[in-house]
Amino acid sequence: MTIARVIVDVPSRETDRPFDYSVPDSLRDWVEVGSRVAVPFAGRTLQGIVVALPGDAEVELSRLKAVSDVLDAVPPLSEELVKLGEWMSRRWLCPLTVAFQAMLPAALKGRTEKYVSVADDAVFSDEELAEAGALLHALRKDSATQAKLSALLTKFQGSGAHLKRWLKQGRLIERQKVENRLSVKTVLTVFPRDADTLGAGKADIPARARKQREVIEWLEEHPEPIALQELAEAAGTTASTIRSLEERGLLEIRGVTEDRDPYADRDFPVSSPLPLTPAQATALEPIASAIDAKDRKVFLLHGVTGSGKTEIYLQAIQQALSLGREAIVLVPEIALTPQMVERFKSRFGARVAVLHSRLSQGERFDEWRKIREGRAQVAVGARSAVFAPFSNIGLIVIDEEHETSYKQEESPKYHARDVAIERARLSGAAVVLGSATPSLETYEAALSGRAGPDIPHYISLPERVADRPLPGVTIVDMREELKLGNRAMFSRELADALRDRLAKGEQTVLLLNRRGYATFVMCRSCGHTVQCPHCDISLTHHKGSGNMRCHYCGYAETEPKTCPACQSPHIRFFGTGTQKVEESLAHTFPGIRVIRMDVDTTSEKGSHEKWLTEFRERRADVLLGTQMVAKGLDFPYVTLVGVLAADAALRLPDFRAAERTFQLLTQVAGRAGRHELPGEVIIQTYDPEHSSVASVQGHDYAKFTEQELFIRSQLGYPPYGRLIALTFSHESVPMLLSVGQRFASGLKAKAAELGLASTELDVLGPVPSPIPRLKDRYRFQCMVKYRGELAASALVAGVLQGMGEAVKKSGVLTSVDVDPQMML
DNA sequence: AGCACGCCGACT
DNA sequence: GTCGGCGTGCTC
């Protein structure tokens, strides 16, 4: 007997384990590891994923139910992806089914539908026929196909009670089926036979069948396959005429799956490999030989903006393809611009599948199938493209490796960089992590001197291609501007530079670093911000209580009326937006043409592309925006980059604030002077001494990193220590506190038991979450801080499991974030 | 998660 | 005496 070990699609801790089912003979050939099946479970039918096919000796056979259906002809997951899902579940403490769901396109999310039919021997009285005759009639009519319960209930609202009773009595039978949310779109297509057959067949067509003859004549002119509807229209007839020709054997009508190719109507100029600079060639060499040797190595490709990293990716991919292997390229969502896609489509044409969030569910599903069916060998996409259903991956590239968008903020809260490295381990692929500003985690690992399969090999590209210089960076101290009576948004330097570009017809990118506004308090006179004395983190202002609070340790103080450092009364919350800047630009520079890009102006599909095209064609002088103008854009006439509030995000209560700021400033500075015209960068700040701002001036990643790593090591933050954030939520605060405390003391007890010092594992909290109430539920969080390689995830999971009973009864929900990226 | 089974109040 | 309210417990 064949047994299938199945993970059912119920995302809860209780059901997060395999259940065994017998496989009926009729399905035996279809069930594989990775198959999506329908199984009976606690009185209903659910979708599940087959994770193993154990022998009968391992299983107690008596209690088994049978798999009721196999949902796909080809399993949507491979053994490799099943293993990867199991690893994700352990690594990020999420239910297995949640990990699997993340790997499947939304179109394959199963939905259980109930169908109703009349039992063979059911008898209904005249009275019942009178009351619910229409319902019974509908049921009998649809008996072959069975009627959808949900449809019946809406159509026959008055007869709901009858339906329910008859189902209970067994006079109606309910059956459940798992259906896809979306199916493959098929088009009926006519395939004509060869010319000889058509010619011979035409002679046999009776004289009065004029239309059929016309169709054949049309097909003789156009012998390629054509959609049924199209042919009918072209020949001025209907489908029935064409069907009679099918009966004569002159053509064939088949359903053909139609791909919704979002790039179908676009031409991509063909590009061939560019000659590499010596530096690029040196960088490519070890990557190419790792691919050659099926050596699963990780590389950190650290190259300044404009150093030609993309060309190295392209040629490494070429290498993988030439060996018959596939490649995945991950790009931050925000950088997945048409410009980027074009580079890959131009080089690899139809072999590229593109996956990103702007595609419809259907389009995404089509791209996904293109990969699984082997019609594409290169997948370019955001985070989730790391799950592209390839079978023989040679290379995974992660561009802008440091980007936060690689971390998913909903469960499964995975980081695509870590998933990529694990997937490469399973498939024997090489990994290239590319960035001008690598994350401190990656950089520290690469230079640590540690050895190991996950430790990146460091490759550096310190120069731009074609000897183009990095742009000069000027830092403007806005406190000085204020002292001199300039209360405008633009410093004199920036205003002058802008005026100069307007006169020369060159272009400017203006970045408003808006993230973090209004949550922190800053003195406009001296730039002082209020910090937590225990955590070296900005305090968060809470409107309700008027408190300043640290959400790491819970420390609180009252909000200051004057600046604690300089006694100035000009201490206040910050707040401004792109719109305000736009108005100010129009006011200061009459006639200036500004494109504003923020969430408001780019929410519409295709608007992003539209604005960028407009800017590229120089129909605007200034591109003003938030983070989205900082990444990956490449415009020849941009010679000035201005940053309006460099330190805005610096005060966020997040230990990565400085790292983020440095990365953002370096990225946006890299937009200037990428071609013949030299570039200039002007950064406005209230905190010019801060290393994350100051280091941008010399493009000095090493200097910034050295200082920042020192701070991290002192405080035990990543990469030296690691974090797990737990959020508990409930309608009532006391309940929350007691559960939170129970967790904290439970984990501390466990640590003591294992002889761990508090420097090795510590639990902070519970304290109110940064969002203290959400959807009528209060939220508290605990932060677990631990050293290095400790298997803390498993410890946390163990403690949560141990307090299971009490917590379940209390109704407190727990959400775990391993390696949180956003502290807000 | 969500369905069955169970034990208590409002009806034919 | 039955229908159905929603509180626990289990799901191959």
Side-chain angles (χ1 to χ4, degrees), chain A residues 1-24 27-28 31 33 35-71 82 86 89 93-102 104 109-116 127-128 131 149-150 153 159-179 181 410-412 729-731 735 775 777 800-801 803-816:
Chain A
M1 169 143 80
T2 310
I3 315 286
R5 189 152 281 176
V6 175
I7 301 297
V8 293
D9 190 20
V10 180
S12 83
R13 208 155 271 136
E14 282 75 54
T15 49
D16 187 31
R17 60 191 172 85
F19 292 88
D20 292 332
Y21 290 86
S22 63
V23 180
L27 299 179
R28 185 155 303 171
V31 175
V33 170
S35 289
R36 209 163 53 104
V37 290
V39 290
F41 190 77
R44 66 218 143 112
T45 303
L46 290 178
Q47 175 182 296
I49 300 289
V50 177
V51 294
L53 299 167
D56 354 6
E58 298 175 47
V59 195
E60 201 205 316
L61 297 171
S62 59
R63 304 189 305 167
L64 293 195
K65 289 185 180 173
V67 170
S68 38
D69 209 353
V70 178
L71 300 176
V82 167
E86 289 169 341
S89 161
L93 301 181
C94 65
L96 273 160
T97 190
V98 173
F100 292 142
Q101 288 300 344
L104 295 172
K109 289 217 165 102
R111 203 185 40 197
T112 305
E113 271 300 341
K114 293 177 177 175
Y115 287 83
V116 179
E127 205 175 311
E128 284 169 330
E131 278 173 23
L149 180 60
S150 57
L153 283 172
S159 308
H162 283 106
L163 256 177
K164 210 170 173 185
R165 192 170 61 246
W166 292 339
L167 279 167
K168 205 165 184 183
Q169 294 165 343
R171 289 199 280 172
L172 298 184
I173 297 165
E174 182 192 286
R175 277 196 34 203
Q176 298 183 20
K177 272 170 72 179
V178 176
E179 291 182 347
R181 192 160 298 179
E410 310 85 55
S411 186
S729 68
H730 196 266
E731 288 106 346
M735 187 65 92
K775 289 180 190 164
R777 297 178 75 91
L800 286 176
Q801 197 75 46
M803 33 187 258
E805 281 308 298
V807 175
K808 223 176 83 185
K809 272 195 186 141
S810 72
V812 171
L813 292 180
T814 312
S815 141
V816 186

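The chains referred to below are lettered A, B, ... by the order of the sequence lines, with proteins before strands, and numbering in each begins at 1. Here the structure is a predicted model, which means the values were calculated and not measured.
Here C:dT11 presents its P atom at 12 Å from CD of A:E14, a figure rounded to the nearest Å. Taking atom CZ of A:R63 as the reference point, atom C1' of C:dC10 lies 11 Å away to the nearest angstrom. Distance A:I7 CD1 to C:dT11 C1': 13 Å, rounded to the nearest Å. Computed from coordinates, the A:I49 CD1 to C:dC12 P distance equals 18 Å when rounded to whole Å. The nearest whole Å value for the distance from the OH atom in A:Y21 to the P atom in C:dC12 is 5 Å. One interatomic measurement links the two molecules: CD of A:Q176 to C1' of C:dT11, which rounds to 14 Å at whole-angstrom precision. In this structure, the CZ atom of A:R111 is 18 Å from the C1' atom of B:dG2, given to the nearest Å. A:K65 has its NZ atom 13 Å from the P atom of B:dC3, to the nearest Å.
A:R17 comes within 4.0 angstrom of a base, heavy atoms only. At a threshold of 4.0 angstrom between heavy atoms, the contacts of A:P18 with the nucleic acid are absent. Nucleic acid contact for A:F41: base, since at least one base atom lies under 4.0 Å from a heavy atom of the residue.
In terms of the salt bridge (charged side-chain N to carboxylate O under 4.0 Å, His left out) criterion, A:R17 has no residue partners (sequence neighbours excluded).
Using a 4.5 Å heavy-atom cutoff, the side chains of A:L71 and A:Q47 are in contact. Contact of the A:F100 side chain with the A:S89 side chain is not registered, since no non-hydrogen atoms from C-beta on lie closer than 4.5 Å.
The side chain of A:A42 has B:dG2 as its nearest neighbour among B:dA1, B:dG2, C:dC12.
A:I3 pairs with exactly one of A:V23, A:L53, A:L64 by the side-chain contact (heavy atoms from CB on, under 4.5 Å) rule, that one being A:L64.
Checked by distance alone, A:R44 brings no side-chain donor or acceptor within 3.5 Å of a matching partner on the base of B:dA4.
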